[in-house]
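Excluded from the calculations below are hydrogen atoms, water molecules and symmetry mates; all remaining heavy atoms, backbone and side chain alike, are included. First the proteins, then the strands, lettered A, B, ... as listed; each starts at 1.
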Amino acid sequence: MTGKLQGRMGSLLLGGCVILGLGMNAPAKADDLRIGFIAPVTGFLSQTGKDMVHGFQMYLDDHHGMLGGAKVDFIIADNQAKPDQAVTMAKKLVLQNHVDMFIGGVLASTGYALAPVSTEEKTLYISSIAAADDLTQRQLGKYPYFIRTTWASSQPDHPLGQWACEQGYKKVVTIAADYAFGYESVGGFQQAFEDCGGKVIQKIWPPLGNKDFGPYIPSIKSDADAIYTLMVGPMSPQFPKQLRNAGVKLPIIAGGTSYDDYDLQYFGDEAIGDVSALMYSAALQTPKNEAFVKEFRSKFNEVPGYYAEANYTTAQMIDEAMAKNGGKFPGAEKFIQTMLGLKIDAPRGPVAFDDMRNPIENIYIRKVEKKAMFGDTKPQLWNVVIKTYPNVGQFWTYGKEKFLQQPVYSRDFPPCKYCE
Amino acid sequence: MDLHYWLIQTFNGISYGALLFLVGSGLSLIFGVMRIVNLSHGSYFLWGGYIALSVIGATGSWALSLPVAAAAVAVIGLLMERLFLRPLGFDPLRQVLLTVGFAYLFQQGALDIWGGNNLEIETPDVLSRSIVVGGLYLPLYRVFMIAMALAIGGAIWLVMEKTRMGTAVRATVDDAQMARGVGIDTNRISMLIFALGAFLAALGGVIGGAFLGVYPGLDFEILPLAFAVVIIGGMGSLGGAAIGAMLVGLADNFGKALFPELAYFTLYAPMVLILAIKPTGLFGRE
Amino acid sequence: MSQRAKILTVALVLAAFGFIVPHTSSFVVLLATRALVFAILALSVDILLGYAGLASLGQAAYFSVGAYLTAILVTRYHFGLGWDFWLLVPGAMLLGAATAAFFGLFAIRATGVYFLMITLALGQCVWGLAYRWNSLTGGDNGINISARPNFGFDLSDERSFFFLVFAFFAATLLGLYVLVRSPFGRSLEGIRERELRMRVLGYNTWLHKYIAFVIAGAVGGLAGVLWAFTNGLVSPDTAVLTTSVDALLMVVLGGAGTLVGGAIGAAIVFGLREYLSTLVPWWQYVLGGVYVLTILYLPMGLMGLPARIRQFRAFADWRDKETNNLAPSPS
């Protein structure tokens, strides 16, 4: 045998062994609840990813690694904030690790990419963050193994639109990240705001992750009386800073991710007075939330944002649903049914589910203020709650049937009738 | 859109160009002197920002972070050139792949040392206001960026034109073999230039850190822009890098503001055209 | 090793691969399919690098053109999910070739470093359009494709799809092998070695390189179609710089100018990116390390390893002989 052939045979053998080795999996123990958790632990949303993991992990640790009587095998998969990586991770979790469910995904686009995987693999997918509207609206039928425990993109923006109108704002310019979540948030705001008599006069769409708003700020129409923003990740602290530095004094009303509680530590005082809407605020003064925030701060030295709370509450929901099923995972469909019947007392307040597998919960209008809370001595920025809208579902006051008849909020819907 | 709009956008474009000048001039020199395609240049930018954050965290001084971070990265660049790039010789493909490999290593290293959060360098208070000139709000920090670019550019130009070292560098750029023939130690020049390039990139990272933030992925985002500056402006030409940076900054800014759908295309298409017509760039030397 | 023995070995390895993989877990099949698509892309890079001597930093452009074409036709016009899949494939190859034909007009005039730069810029142009031309490409969201073609064979079954991609890989490998052994391929190698001499001999070197570039574009487009269906999502990431760089690394790692080297490289890079990344958090050190070590110590790639070892052995023998000659004789 010549050397080259030897080498090739060797590599063939090696390759074969590797492939066979990959093909073998560790046997699963019967009482384990295997949970796959997909989060952007690296990449431009790594802060978010870590917040998510911390939230879920904290609940798990508080309950000694058990949920509802089952020992949890918690497997974290990093999707680097890329939707296609998320799909590969999900498939790996299902096919290789034989998880009972996979949780997570952050970007709406990730949500839209993961949902089909749940149908394909007939495995439960719980979206604890990805807010893509249509997953629990017009596309619900395609995803029988899907349930969402957080919120739909436009859910908090409907009440915000109404609130803005009630404050007397008449003309608003929107500036939002150019992707599905941005479109849906603006859409929700615009619909409610214009139904009440307001006008959206301009829509600006900087790309997701954009940090230099220099090109966009000068275009903001001067006759507006407020700016609606939807910022995600690294965009969030930059926009208010650059806006104020450019001399623009218009008030900001925003989607909740623009002022995530965790992120506030990176904002400056220019953010004081900015208003946003979300189903959570770390400054919520309820005993349940105070305990949650206190524990999170002592463990991780940071204020929990909604990413942490959403996953903590998801763990709580799984806990209660598993308990109702005697500690054994009953299969995706039955589990979803159990979850739909839950009424949770979460750090964010009371949560129940609608019949489209999306939560009904409080929406808080919050204003950034600098104060000392929860026994701190030094004041810092907090999203202080100034108004609560209880029992808000994803369809607001429109009624499910009527809402589902209109198309999903997109870049062009609702159309900008008052844009010049 | 009135005059006000155009003036502000032009100012924004120029200030962004100032930042790109810092990143691009370093790359241009490296390219011009050593013909090295350094795909880890973005990593130098990123590490500059991260090291500055550590310095600020340890000493509380923003002013100190600038030279310390830049010097630290210069050392890293120097080592990389001496230990890894020099043995490779002139082989563009292998340089590309080697420097990309390092870029991945740097990226992971940064992640492990500083974590994955989106960080920001706090601008010193004195620079965080805006001055008002003729009704235009000019953020002082952007003015600072332009001033820094001018100062650094001026300093380098002075060195290049007026000192012996500078002459030696220019000779090496023009014709390395000839330069060696007249006794110039081109190896030392190469090392110095590479270190200087890294220094400038890191400086850009510190200055950009308040403007763009410091986060994983920034290295690969800034890299093509740096190359655009070098290509358009010309390899090895400092003045070219300045013009290239201005053009890229303005094209980027106006592209995003006026033609959002074609924004990046308006940036890279001219790069293609220039490369096709004059491969060494507008002001590059053969 | 004789040509025939080489062909036999490759055929054997391929057959073994095609036989073993479907019997492993679904996840391995998935990984193998993804790696195979990139192996096809690597083939296109190898034609340019290994045979024409052109290192391109922009092959992801043709890859993404094919992928986006597929995504748009499938989601907006419901085209390509049945027998029309067999129209989609040549369509994408044509589009990839056309794009390369257009880009080549700018690029082929350049060599070496400038060629790297201009292909980088061209790749960035495509990326920029993919990223911001929202109405066409969906921008950052990308386009989701949740269905697979079904023409008698239901390709939503992972194993069936694996066979399809495997067949395309084998066919492309064969086709390109015939190409490089042809007079055209020989001329390309001649141009790679000594372009000036070839020109003096009367060859139109520009045209040769241009045709190679267009062919690489076509193969890239083919890989793009398969990728769209494998990944289920086409986004600007398909066109990003690191995709082109990875493809280049795969070829260099495996061995440029060997065609199969790219496949080996693809297996390794994919194994790192998609498998090791799920096991340990420091996988990127390994990836970076592989890049650096390959460049420093394996310039001929893994396929060149036996030759290197022989070289090293020969050197060691020579050195031993010399030291023996110099050593004092025992007294």
Side-chain angles (χ1 to χ4, degrees), chain B residues 31 35-37 39-40 42 83-85 87-88 90-109 111-112 220-221 223-225 227-228 230-232 235 255-256 259-281, chain C residues 49 53-57 103 105-137 139 236 240-242 245-246 248-249 251-253 256 281-296 299:
Chain B
F31 215 170
R35 294 283 186 272
I36 288 183
V37 182
L39 287 191
S40 52
L83 298 174
F84 297 100
L85 282 168
L88 232 48
F90 177 60
D91 188 336
L93 174 63
R94 292 170 73 199
Q95 282 165 2
V96 163
L97 293 174
L98 183 78
T99 49
V100 168
F102 271 103
Y104 285 143
L105 292 173
F106 284 135
Q107 192 178 66
Q108 188 63 31
L111 207 58
D112 285 340
F220 278 101
E221 278 175 33
L223 188 65
L225 289 171
F227 274 107
V230 172
I231 300 305
I232 294 176
M235 306 173 211
K256 282 187 186 148
F259 317 107
E261 301 223 304
L262 299 175
Y264 287 93
F265 187 75
T266 53
L267 196 57
Y268 292 109
M271 191 172 157
V272 173
L273 286 171
I274 290 177
L275 272 172
I277 302 172
K278 188 166 189 281
T280 43
Chain C
L49 179 63
L54 296 168
S56 163
L57 271 180
F103 284 172
L105 294 173
F106 298 98
I108 300 296
R109 321 159 52 140
T111 51
V113 153
Y114 304 110
F115 186 74
L116 277 166
M117 288 293 100
I118 201 168
T119 49
L120 183 148
L122 288 166
Q124 286 299 108
C125 284
V126 173
W127 171 80
L129 288 174
Y131 184 49
R132 295 303 287 142
W133 198 347
N134 249 302
S135 43
L136 182 68
T137 64
V240 82
L241 180 61
T242 40
V245 174
D246 272 352
L248 209 51
L249 176 73
V251 172
V252 174
L253 179 58
W282 38 263
W283 63 275
Q284 204 161 270
Y285 286 128
V286 181
L287 181 66
V290 167
Y291 266 83
V292 174
L293 292 173
T294 307
I295 295 308
L296 289 178

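Between the CZ atom in B/Arg94 and the CG atom in C/Leu296 there is a gap of 7.5 Å [rounded to 0.5 Å]. Put simply, CD1 on B/Ile277 and CZ on C/Phe106 are 8.5 Å apart, with the number rounded to the nearest 0.5 Å.
Of the two parts of B/Phe31, only the side chain, counted from C-beta on, holds a non-hydrogen atom closer than 4.5 Å to a non-hydrogen atom of chain C. Of the two parts of C/Leu49, only the side chain, counted from C-beta on, holds a non-hydrogen atom closer than 4.5 Å to a non-hydrogen atom of chain B. In this structure, chain B has no heavy atom under 4.5 Å from any part of C/Leu293. With a 4.5 Å cut-off on non-hydrogen atoms, C/Trp282 touches chain B through its backbone but not through its side chain. When heavy atoms are compared at a cutoff of 4.5 Å, C/Tyr285 approaches chain B by way of both its backbone and its side chain. Only the side chain of C/Leu120 comes within less than 4.5 Å of a heavy atom in chain B; its backbone stays farther off.
With contacts defined as side-chain heavy-atom distances shorter than 4.5 Å, the pair C/Val240/B/Phe220 does not qualify. Within the 4.5 Å cutoff, no side-chain heavy atoms of C/Tyr291 are placed close to those of B/Thr99. Between C/Leu248 and B/Leu93, some side-chain heavy-atom pair lies under the 4.5 Å cut-off. At a threshold of 4.5 Å between non-hydrogen side-chain atoms, the residues B/Tyr104 and C/Thr242 count as touching. Two residues are said to be in side-chain contact when any heavy atoms from C-beta on lie closer than 4.5 Å; B/Val272 and C/Phe103 fail this criterion.
Of the residues considered (C/Ala55, C/Ala121, C/Gly128), C/Ala121 shows the highest number of contacts with chain B, using heavy-atom pairs under 4.5 Å. Listed options B/Leu39, B/Leu273, B/Asp112, B/Ile36 were ranked by heavy-atom pairs under 4.5 angstrom with chain C; first place goes to B/Asp112. Listed options C/Gly123, C/Ala107, C/Ala110, C/Gly288 were ranked by heavy-atom pairs under 4.5 angstrom with chain B; first place goes to C/Gly288. Highest contact tally toward chain C, considering only B/Gly109, B/Ala228, B/Ala103, is held by B/Gly109 [criterion: heavy-atom pairs under 4.5 Å].
When all heavy atoms of C/Val245 and B/Leu97 are compared, the closest pair comes out as O-CD2, 4.2 Å. The two residues C/Cys125 and B/Ala269 come nearest to each other via the heavy atoms SG-N, 3.5 Å. Nearest heavy-atom pair, C/Met117 versus B/Met271, reported as atom, atom and distance to 0.1 Å: O-CE, 4.4 Å. The two residues C/Leu116 and B/Pro92 have their closest heavy-atom pair at CD1-CB, 3.5 Å. Between C/Gln124 and B/Tyr268, the shortest heavy-atom contact is NE2-OH, 3.3 Å. Between C/Gly289 and B/Leu105, the closest heavy-atom pair is N-CD2, 3.8 Å.
Other residues, nucleotides and ligands contribute over 12 non-hydrogen atoms within 6.0 Å of the CH2 atom of C/Trp283.
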